[in-house]
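This is a predicted model, so every value here is computed, not measured.
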Amino acid sequence: MNKFLFFVLFIIINTPLLAQDFELMRVETSFYPKQSIEDSNTNGEIGFLEWSGQFAIPQRFNKNKKTLLIHKFAYSNLKVDVNTSTNMGLLENDKHYHTVSYNLGLIRIINLKWRILMNVNPIIASDLQKNINHDDFLFQGSALALYSKNKNVTYGLGAVYTNRFGRPLVIPMAMYNYKSLKMKLDIVLPNKLSIMFNTLNRTFFYGFKAQLNGGLFNNTSDLNIINTAIDEAGYSRLNIGPALSIKLKNNLKIHLTGGMAVGRRMEFIDFNDETVDRTPESGPFFNLGFTLIPQKGNN
């Protein structure tokens, strides 16, 4: 077991992107209070509650220690809470969208400078109100080449096929990671920017984060707030604000982030490919999370 952990940590330490992102387990929730719907023709409010959990299983190869697989299993739940006013009065609707996913990550060490990261990510994304069918299945994937300039700086380029924007897109991907004894800077374009500073005892971290996330979901049941049959729902938001991270015992960390959710999107697509926009205005959010990180020296 010790040899296995040392191997995993060798990969993580020598791949700064994973040193920032790799977690054995994560549980988190985010709350978005109701905000007015941007569409001037719709009088109403919409709010969200997200929660998710995931765990990862690293797998090494005895004959090929330059290759590591990471199996990641995750579940998330998005609760959409919509109130709209009509001639018939106030209509309320709570809707839950579920995401069940498996992510297979491959890390290949080419030499001391170069790494290759690839991910394939089949997903079930649906309200799960009816039996699962092919419309509930989605796919995401990415490929990234990383170059370690020195022990402090790593950058890379690649591409990603993602539903993170609430619709399927193929987009370029760029990454830059800098770490020192006092701070960590992690940039993954187009969806993440994080700068975190260490305190002297290295158990308390503070800084700033901006993160884009979202999804595309199959919709199988009626919404009483919309006078048409809905086929899909697209959701995305950009969270920006200050962040705190506290390292507890046994490599458990607690994360707190708050600020503003901007660039938001909540759209329902009917069977005629017509879009019903229920995007809320920018508003505050609060995120609480717990992560379990691999055992190693000082983090």
Side-chain angles (χ1 to χ4, degrees), residues 1-26 52-76 100-123 138-164 170-180 184-194 196 211-213 251 253 289 291-299:
M1 184 65 177
N2 288 337
K3 290 182 178 179
F4 171 73
L5 288 176
F6 279 131
F7 172 76
V8 173
L9 295 178
F10 172 80
I11 299 292
I12 293 171
I13 292 169
N14 287 279
T15 310
L17 178 62
L18 292 179
Q20 179 71 17
D21 286 344
F22 184 77
E23 299 156 348
L24 294 175
M25 183 183 70
R26 169 180 282 268
S52 63
Q54 65 179 40
F55 67 94
I57 303 174
Q59 177 187 2
R60 73 176 180 126
F61 295 88
N62 292 328
K63 294 183 179 181
N64 185 0
K65 295 186 177 181
K66 292 185 176 181
T67 301
L68 174 70
L69 292 180
I70 297 179
H71 307 271
K72 185 182 294 184
F73 303 87
Y75 169 79
S76 64
V100 182
S101 68
Y102 164 69
N103 187 93
L104 176 62
L106 182 146
I107 306 160
R108 173 67 176 177
I109 300 176
I110 306 301
N111 52 44
L112 292 177
K113 295 290 187 180
W114 286 96
R115 311 283 186 272
I116 300 295
L117 273 67
M118 299 183 67
N119 288 277
V120 292
N121 184 206
I123 302 169
L138 298 173
F139 176 82
Q140 296 184 135
S142 65
L144 186 68
L146 295 177
Y147 178 77
S148 298
K149 183 178 180 180
N150 52 50
K151 66 179 182 179
N152 295 326
V153 176
T154 296
Y155 47 85
L157 291 173
V160 58
Y161 177 72
T162 181
N163 302 300
R164 190 180 296 270
V170 178
I171 52 178
M173 181 180 182
M175 168 266 174
Y176 178 85
N177 179 271
Y178 170 81
K179 63 177 181 178
S180 67
K184 290 182 180 179
L185 173 63
D186 188 22
I187 302 173
V188 183
L189 299 176
N191 63 287
K192 180 180 179 181
L193 184 151
S194 170
M196 298 295 290
Q211 186 152 4
L212 173 71
N213 209 343
N251 293 295
K253 283 187 175 182
T291 61
L292 180 65
I293 61 176
Q295 176 73 42
K296 57 181 178 180
N298 294 326
N299 287 300

Using the side-chain contact (heavy atoms from CB on, under 4.5 Å) rule, take Tyr176 and Leu189 through it: C-alpha gap first, then chi angles, then the decisive distance, then the call. CA-CA 9 Å; Tyr176 178 85; Leu189 299 176; over 6 Å; no
Look up atom CG in Asn191 and atom OG1 in Thr162, then write down how far apart they are to the nearest 0.5 Å. 7.5 Å
On a heavy-atom basis, the closest approach of Gly156 and Leu144 is C-CD1, 3.9 Å
Within-4.5 Å side-chain heavy-atom neighbours: Met173 and Leu157: no
Sequence neighbours excluded, which residues qualify as ring-ring contact (aromatic ring centres under 6.0 Å, His included) partners of Phe55? Phe73
Lys149 to Lys113 - nearest heavy-atom pair and separation: O-NZ, 2.9 Å
Side chain to side chain contact (heavy atoms under 4.5 Å, CB included) against Ser101, all qualifying residues, sequence neighbours excluded: Ala74, Asn121, Ile123
Rounded to the nearest 0.5 Å, the CG atom of Asn150 sits from the OH atom of Tyr178 at a distance of 8.5 Å
At their closest point, which heavy atom of Ser52 faces which heavy atom of Ser76, and how far apart are they? CB-CB, 3.6 Å
With heavy-atom distances below 4.5 Å as the criterion, would you say the side chains of Met118 and Arg108 are in contact? no
Could you check if a side-chain atom of Leu104 sits within less than 4.5 angstrom of a side-chain atom of Leu69, using non-hydrogen atoms only? yes
To the nearest 0.5 Å, atom OG of Ser148 lies from atom CD1 of Ile109 at 9.5 Å
May I ask you to test the Tyr155-Ile187 pair for a side-chain heavy-atom distance under 4.5 Å? no
Considering all heavy atoms, the nearest Ile110-Lys66 contact: O-NZ, 4.3 Å
Return the CD1 to OG1 distance between Ile116 and Thr67, rounded to the nearest 0.5 Å. 11.0 Å
Kindly determine whether Thr154 and Met175 satisfy side-chain contact (heavy atoms from CB on, under 4.5 Å), including the steps that lead there. CA-CA 8 Å; Thr154 296; Met175 168 266 174; 4.1 Å; yes
Least distance between heavy atoms, Trp114 atom then Ala145 atom: CZ3-CB, 4.2 Å
How long is the span from the CG atom in Asn119 to the CG atom in Asn103, to the nearest 0.5 Å? 4.5 Å
For Asn177, run the side-chain contact (heavy atoms from CB on, under 4.5 Å) check against Asp186, Leu185, Asn152 and tell me which one passes. Asp186
Once you round to the nearest 0.5 Å, how far does CZ of Arg164 lie from CG of Asn213? 4.5 Å
Hits for side chain to side chain contact (heavy atoms under 4.5 Å, CB included) against Asn163, two or more places apart or cross-chain, chain-then-number order -> Leu138, Gln140, Pro168, Leu216
